[in-house]
Amino acid sequence: MSKLRQILGEGWSLTFVFVIVGFILSTEFRQEETETVSPEERIEELSLELFKVEKERNALQRKLSMLQEEYEISPEELLTMEDLRLKAGLTALEGSGVIVRMDDSNRELRAGENPNLYVIHDEDILRIVNELRAAGAEAISINGQRLIATSEIRCAGPTLSVNNVRSAPPFEIIAIGDKNSLENSIKMRGGVEDALKVWGIQLEVQTLENVYIPPYSGNFRHVFARVVEEKILTQ
């Protein structure tokens, strides 16, 4: 995200330079008749100022081109604010996908069996999420909580915490992407579905032409992190 802000910031810097050049030229030429210096001196002064600004503009243009080439971003692909909101998970989305419904096992426990083996844990949810992401899921939610880069999935007592919001079984995981690929990632032979059903965990995968995923509604906090220039790390 910081690199995208850097690219966008430098793009705006170029625009700012052009505006400054136009302002300098228009201002200087309007004042030229009232100045006491000779025209030759004003021309030389303006030429030096223009050369300085153009040099800065060219340096910024080269740096922007290097960044675009490094990250394979064409000018048409520079992100707009709406693009950034989408990639940050701040916009609601719809599209083809799957709904994975999970619930604890309904088997009767035998004497001496550990009941924790037959309930859903955070690692079970993580396995489902990882398979969906590997299959190309473009957005995922768990019980209405949108997953983003900083989302946590962890057990919190008898409940599951996602984005610091607790919920209990049953769980509904929604993913947007190629619905057949997403379904196959869960139901493939020897995969996560087979592994969970050994313990009686109830799991159902439904493919749909249109599913809805809400936006992320939590807070973004950076207390200790700050943006700096990129550094070359040495081993």
Side-chain angles (χ1 to χ4, degrees), residues 1 84-222:
M1 181 68 70
L84 292 174
R85 287 178 56 81
L86 186 150
K87 291 183 178 297
L90 299 178
T91 56
L93 296 175
E94 286 185 338
S96 65
V98 298
I99 299 178
V100 181
R101 297 182 177 89
M102 301 177 64
D103 205 347
D104 293 337
S105 174
N106 55 8
R107 292 181 183 175
E108 292 186 7
L109 292 180
R110 300 173 183 174
E113 282 189 319
N114 184 351
N116 287 323
L117 297 175
Y118 299 93
V119 297
I120 297 172
H121 295 282
D122 49 1
E123 60 190 41
D124 302 322
I125 301 290
L126 281 169
R127 291 183 66 182
I128 296 289
V129 169
N130 286 338
E131 292 296 340
L132 292 172
R133 282 177 168 162
E138 297 175 358
I140 301 175
S141 67
I142 301 174
N143 281 11
Q145 288 296 315
R146 176 75 166 271
L147 295 187
I148 62 172
T150 57
S151 294
E152 92 289 351
I153 301 174
R154 60 186 178 84
C155 283
T159 64
L160 187 79
S161 175
V162 180
N163 296 335
N164 287 318
V165 176
R166 295 188 180 190
S167 59
F171 298 110
E172 187 174 80
I173 304 171
I174 301 177
I176 291 177
D178 183 288
K179 61 182 186 298
N180 294 325
S181 296
L182 297 177
E183 180 185 30
N184 291 335
S185 71
I186 304 301
K187 299 179 72 68
M188 62 182 176
R189 181 176 298 179
V192 60
E193 181 184 47
D194 288 347
L196 292 176
K197 285 189 172 180
V198 169
W199 305 106
I201 299 298
Q202 302 175 70
L203 191 148
E204 174 194 355
V205 182
Q206 180 183 9
T207 61
L208 294 168
E209 290 298 328
N210 194 68
V211 295
Y212 171 81
I213 292 182
Y216 174 73
S217 58
N219 296 320
F220 292 95
R221 295 186 61 200
H222 291 89

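Fair warning: this is a prediction, and the values are worked out from it, not measured in the lab.
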Exercise for review: Determine whether Ile186 and Ile128 make a side-chain contact, defined as any pair of heavy atoms from C-beta on separated by less than 4.5 Å.
Suggested key: yes

**Study point:** Within-4.5 Å side-chain heavy-atom neighbours: Asn143 and Val162
**Key:** no

Check your understanding: So, Asn114 side chain and Asn116 main chain: donor-acceptor pair closer than 3.5 Å or not?
Key -> yes

Check your understanding: Which heavy atom of Tyr212 sits nearest a heavy atom of Pro215, and at what distance?
Key -> OH-CD, 4.1 Å

Study note, to complete from the structure: Rounded to the nearest 0.5 Å, the CG atom of Leu147 sits from the OG atom of Ser141 at a distance of 7.0 Å

Practice item. May I ask you to test the Asn164-Arg154 pair for a side-chain heavy-atom distance under 4.5 Å? Key: yes

Check your understanding: Where is the tightest heavy-atom contact between Phe171 and Ile125, given as atom of each residue plus distance?
Key -> CD1-CD1, 4.0 Å

Practice item. Report the distance from atom OG of Ser185 to atom CD of Glu193, rounding to the nearest 0.5 Å. Key: 10.5 Å

Review point. Quick one: does Glu209's side chain get under 4.5 Å of Lys179's, heavy atoms only?
Key: yes

Review point. In Å, rounded to the nearest 0.5 Å, how long is the span from CD of Glu94 to CG of Asn210?
Key: 4.5 Å

Review point. Are side-chain heavy atoms of Leu86 and Leu93 found at a separation under 4.5 Å?
Key: yes

Point to revise | Residue Arg166 excluded, over 12 heavy atoms near CZ under 6.0 Å | key: no

Review point. Can you tell me how far the CD1 atom of Ile213 sits from the CZ atom of Arg146, to the nearest 0.5 Å?
Key: 6.0 Å

Practice item. For Glu131, enumerate each residue passing the side chain to side chain donor-acceptor pair (under 3.5 Å) test, keeping only those at least two apart in sequence or located in another chain. Key: none

**Study point:** Partner of Met102 by side-chain contact (heavy atoms from CB on, under 4.5 Å), out of Val205, Ile142, Leu203
**Key:** Leu203

Exercise for review: Kindly give the heavy-atom pair with the smallest separation between Trp199 and Leu117, and that separation in Å.
Suggested key: CB-O, 3.3 Å

**Study point:** Closest approach of Ala175 to Leu182 (non-hydrogen atoms, all atoms of both residues)
**Key:** O-CD1, 3.9 Å

Revision key, fill the gap. Closest non-hydrogen contact found for Ile148 with Gly89 is CG2-CA, 4.2 Å

Check your understanding: How far does OG of Ser181 sit from CG of Leu132, to the nearest 0.5 angstrom?
Key -> 11.0 Å

Review point. What distance do Ile99 atom CD1 and Glu204 atom CD have between them, rounded to the nearest 0.5 Å?
Key: 9.0 Å

Check your understanding: With distance as the sole test, does Glu152 use its side chain to make a donor-acceptor pair with the main-chain N or O of Asn163 at under 3.5 Å?
Key -> yes

Review point. Hey, does the side chain of Asp124 reach the backbone of His121 with a donor-acceptor pair shorter than 3.5 angstrom?
Key: yes

